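A quick write-up on the structure given underneath.
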Protein chains: 2
Amino acid sequence: VLDVRQVTKVYGQGDATVHALRGVSLTVERGDYVAIMGASGSGKSTLMNILGCLDIPSTGRYHIDGTDVGRLDERQLAILRNQKIGFVFQAFNLIPRMSALANVELPLAYGGVKAGERRRRALAALDLVGLAERTRHDPNELSGGQQQRVAIARALATAPSLLLADEPTGNLDTASTLDVLGILDRLSLSGRTIVLITHEDDVAAHAKRVIRLVDGQIIEDRRQAAV
Amino acid sequence: VLDVRQVTKVYGQGDATVHALRGVSLTVERGDYVAIMGASGSGKSTLMNILGCLDIPSTGRYHIDGTDVGRLDERQLAILRNQKIGFVFQAFNLIPRMSALANVELPLAYGGVKAGERRRRALAALDLVGLAERTRHDPNELSGGQQQRVAIARALATAPSLLLADEPTGNLDTASTLDVLGILDRLSLSGRTIVLITHEDDVAAHAKRVIRLVDGQIIEDRRQAAV
Ligand SMILES: Nc1ncnc2c1ncn2[C@@H]1O[C@H](COP(=O)(O)OP(=O)(O)OP(=O)(O)O)[C@@H](O)[C@H]1O
Ligand SMILES: Nc1ncnc2c1ncn2[C@@H]1O[C@H](COP(=O)(O)OP(=O)(O)OP(=O)(O)O)[C@@H](O)[C@H]1O
Ligand SMILES: [Mg+2]
Ligand SMILES: [Mg+2]
């Protein structure tokens, strides 16, 4: 369970101060499928980075499964992220001069998975996103949408109980988008928790719940019948 | 006029060979507004990089306004790009540790525009894309969609006669997308030539012509009534 209480995030100071989040509270139960929407600059990625323990709030509390994330040190945070969370970044954040396969294997290596098992799971994840023919290519030898799909495969390879995906279909054509949504739908049916940021209504339609941010605040949080 | 004749692009060799473009021919007259669509990996960005003189074909010919681009040296290509072409990259390609304003001023500086005029035009371009409050921020202090809009402002600041935009709305919410499409529509009405890559049908609906790529080949090239 993700429990966010009155979280704020402030950048800069003086007249360059930016209030990215102005007091956000939400609870995500295990197995929920949440879409976060909102205008460009409304605070979506900032909120997701806090949910994924990649950033800390300026004020407020964040608990994952009862643990206060603010009380963990860097090493404990890294273990928590590696064991429980898969993260698809808005800018992909792939390691440039490393093959797609090595990029997907990396979180498995951090988690202590042996080489043979790592290779098998990484190849399965790349095959799932339609990139079986591109495993040996580096990111700069791949198209934008192919890089995005490598980033998705990397987040899935560790079979995380929580998947956080920031605009996972921004660079994908309709067919690839439907493939990715199919993967997320199956993941949700198997009981995993999913939080995804999107600006596309037809992507948000797959979620069970839609949260809307305006200028760093939640202005809507409602359940919907998922597509 | 952009005149592409039987262009191919091949990467790699042996069994790692990738035929990104397999013989593409098209002509774009001055003032045309073209949308290029196709699946992830179908060759859209590769074609656009050739149109923008950022990459050379493996075989075939490409003429801009009667000049054979293949016969120009690096210096002449750089001058041609700076004087005639505005490019919005799929990955934005902003300079990381430089403010949004400095990023937008850069092509104007290369073109020899004086400091005062540069500052005025760059601020006007950033204001046009809704980022008047963010001119002093570096890219890593901006959201994904804000970075994308800085990249659009940079391509517009030089008032290019040809605008090439690769997925310019991939990270933008509906309102920001409509703002950007409004800018492109006005640019087209003023006689500029626009070629844009998109996977979103409602973005392509603004173009006067749709070209579809499948696996490195043009399978469709038709006029439509623009929205
Ligand atoms: N430097 C490279 N070396 C090897 N293959 C490459 C290289 N650059 C691109 N490719 C391959 O060429 C093909 C076309 O790539 P391109 O970037 O043009 O696709 P695209 O249509 O823009 O895709 P997307 O919609 O995902 O951005 C892809 O299969 C890609 O893997
Ligand atoms: N390091 C930083 N320093 C200063 N301001 C920042 C920083 N990072 C983000 N911001 C600002 O915080 C606000 C929220 O950013 P955030 O990335 O969360 O937006 P977003 O909703 O994800 O937008 P997008 O849809 O464009 O990706 C933006 O106005 C942005 O400019
Ligand atoms: Mg974002
Ligand atoms: Mg591309």
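Below, chain A is the first sequence line, B the second, and so on; all start at residue 1. Just so it is clear, the model here is predicted, and its values are computed rather than measured.
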Do [X] and [Y] have side chains that get closer than 4.5 Å, going by heavy atoms?
X	Y	value
S99(B)	T135(B)	no
L142(B)	L131(B)	no
R209(B)	V28(B)	yes
Q148(B)	L172(B)	yes

Given a strict heavy-atom distance threshold of 4.5 Å, which part of [X] is in contact with chain B: side chain, backbone, both, or neither?
X	answer
R134(A)	side chain
S42(A)	neither
A175(A)	neither
E141(A)	neither

For [X], is it the side chain, the backbone, both or neither that has a heavy atom under 4.5 Å from a heavy atom of chain A?
X	value
A91(B)	neither
T169(B)	backbone
R149(B)	side chain

Does a donor on one side chain and an acceptor on the other come within less than 3.5 Å for T193(B) and D32(B)?
no
Would you say Q146(A) and S40(B) are linked by a side-chain donor-acceptor pair, where the criterion is simply a distance under 3.5 Å?
no
Among the options S176(B), G41(B), G12(B), pick out the one with the most heavy-atom pairs lying under 4.5 Å from chain A.
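Of the candidates given, the most pairs with chain A belong to G41(B).
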Count the heavy-atom pairs under 4.5 Å between each of G130(B), A39(B), G38(B) and chain A, then report the option with the highest count.
A39(B)
Would D55(B) and K9(B) pass as an ion pair if we require N to O under 4.0 Å?
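Yes, D55(B) and K9(B) are salt-bridged.
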